[in-house]
Peer 1: 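First the structure, then my questions, so here it is.
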Amino acid sequence: MIIETFDHIVPAVLAGGLLDLLLGDPHGLYHPVQLIGKGISFFESLFRKLFPEGKAGERTAGVFTAVCVIILSTLVPSLILMAFYHINFWLGFALETFWCYQLLAARSLHDESMKVYRAVKTGDLQQARKAVSMIVGRDTERLDMTGVTKAAVETVAENASDGVVAPLLFLMIGGAVGGFFYKSVNTMDSMIGYVNDRYRWFGTFAAKLDDVLNFIPARVSAVLMVLAAFLTGHDGKNAWKIMKRDRLKHASPNSAHTEAAMAGALDVQLAGDAWYFGVLHRKPYIGDPIREITPEDIPASNRIMYVTAVLACIFAAAIRILLLLIF
């Protein structure tokens, strides 16, 4: 039954990807990532009570939290899928396709960033800050219009990897269960992977695990984004140049790869200093200021992201089919 299920992963993932591109987030339905988030909060509260405060205790609590979240996030979907496939193959396939659809975020990323674009175009700085605050982790109250625009483009670039390409790769490896495994780690990183007083030690394990899981996807995403730059009529040559030069200009070993490719493709400069939780973080710039960034770079970044997503589907499907033929 497992072999039969895995043989249908490619069409399930491709169908899920198509649904995501066409429909976006299924508003009104409870999203599985919300359940993962609740699990993270529950286990954080539990293990913080069981282990003492301080570096060693908090790190241990963080490891236990991560392990429990990962096990629960993969075991429950696996059991449900097995039950559905046991009842009827097409019932299982339908659920797997739907979950693949829910675990991808290309259309959602486009829709949320375009809210920023519309606010910037109308000149409403307060609304623009509010819109961009929904998709970035930094403080937004100090951003001017240029800062808001840069933040939106950077978010599209970064999330092209961990919101689209990386989930696609893990979905192709293990179907919806593989996607849930990735999302559990990625969601933990977004919730507890901060270097601040509360999570400096507690979130260490989750953050490092997220770095490991995204190591290959980030690099694949960057290369695909360079190809997407060529295909969309942007500066693909500069995208490759800046990607190679600036891909490690970030505290994370993965985050700057797609930002660098996007900056090069658009001939703009991204990144630089940013405020987080009231603290200014000094960051290097990514890309060259060949021209000033404009609001039109937000829809341009989305076009590049969409083509990157399509290329990722083709790439991931080809790898999956090749592995099936070999093994």
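The structure displayed is predicted, hence computed values, not measured ones.
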Peer 1: What ring-ring contact (aromatic ring centres under 6.0 Å, His included) pairs are there with at least one residue in residues 128-151, not counting sequence neighbours?
Peer 2: none

Peer 1: According to the interplanar angle, ranging from 0 to 90°, do the rings of Phe170 and Phe181 count as parallel (below 30°), tilted (30 to 60°) or perpendicular (above 60°)?
Peer 2: tilted

Peer 1: With respect to Leu23, which candidate in Leu19, Leu21, Asp20 satisfies the side-chain contact (heavy atoms from CB on, under 4.5 Å) definition?
Peer 2: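 Testing Leu23 for a side-chain contact (heavy atoms from CB on, under 4.5 Å) against Leu19, Leu21, Asp20 leaves exactly one candidate, Leu19.
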
Peer 1: Keeping the roles fixed (side chain from Ser255, backbone from Ser252), state whether a donor-acceptor pair exists under 3.5 Å.
Peer 2: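 Not a single qualifying donor-acceptor pair exists.
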
Peer 1: Would you call the rings of Phe89 and Phe93 parallel, tilted or perpendicular, taking 30° and 60° as the class edges?
Peer 2: parallel

Peer 1: Would you please indicate if the ring centroids of Phe64 and Phe51 are separated by under 6.0 Å?
Peer 2: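 Yes: the rings meet the under 6.0 Å criterion.
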
Peer 1: Can you confirm whether Lys249 is buried at NZ, in the sense that more than 12 heavy atoms of other residues, nucleotides or ligands lie under 6.0 Å from that atom?
Peer 2: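 Atom NZ in Lys249 is packed in, count exceeds 12.
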
Peer 1: Closest approach of Thr308 and Ala228, non-hydrogen atoms and distance?
Peer 2: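 Closest heavy-atom pair between Thr308 and Ala228: OG1-CB, 3.4 Å.
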
Peer 1: Will you find, in the side chains of Tyr199 and Glu44, an N or O donor that is under 3.5 Å from an N or O acceptor?
Peer 2: yes

Peer 1: Can you name the nearest heavy-atom pair linking Cys313 to Leu14, along with the distance?
Peer 2: CB-CD2, 4.0 Å

Peer 1: For Val156 versus Met305, what's the shortest heavy-atom pair and its separation?
Peer 2: CG1-CB, 3.8 Å

Peer 1: Does the cation-pi check pass for Arg59 over Phe205, that is, NZ or CZ under 6.0 Å from the six-membered ring centre and within 45° of its axis?
Peer 2: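 The answer is no; the distance or angle limit is not met.
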
Peer 1: Is any side-chain heavy atom of Tyr117 closer than 4.5 Å to a side-chain heavy atom of Met114?
Peer 2: yes

Peer 1: Could you tell me whether Ile290 atom CD1 has more than 12 heavy atoms of other residues or ligands within 6.0 Å of it?
Peer 2: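 Buried by this count: over 12 neighbours within 6.0 Å.
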
Peer 1: Would you call Asp162 and Lys183 a salt bridge, taking side-chain N to carboxylate O under 4.0 Å as the test?
Peer 2: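 Lys183 and Asp162: not salt-bridged.
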
Peer 1: Under the side-chain contact (heavy atoms from CB on, under 4.5 Å) test against Ser113, which residue among Ile298, Asn159, Thr155 passes?
Peer 2: Ile298

Peer 1: Tell me whether Arg219 forms a cation-pi arrangement with Phe215, defined as NZ or CZ under 6.0 Å from the six-membered ring centre and within 45 degrees of its axis.
Peer 2: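 Yes, a cation-pi geometry holds between Arg219 and Phe215.
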
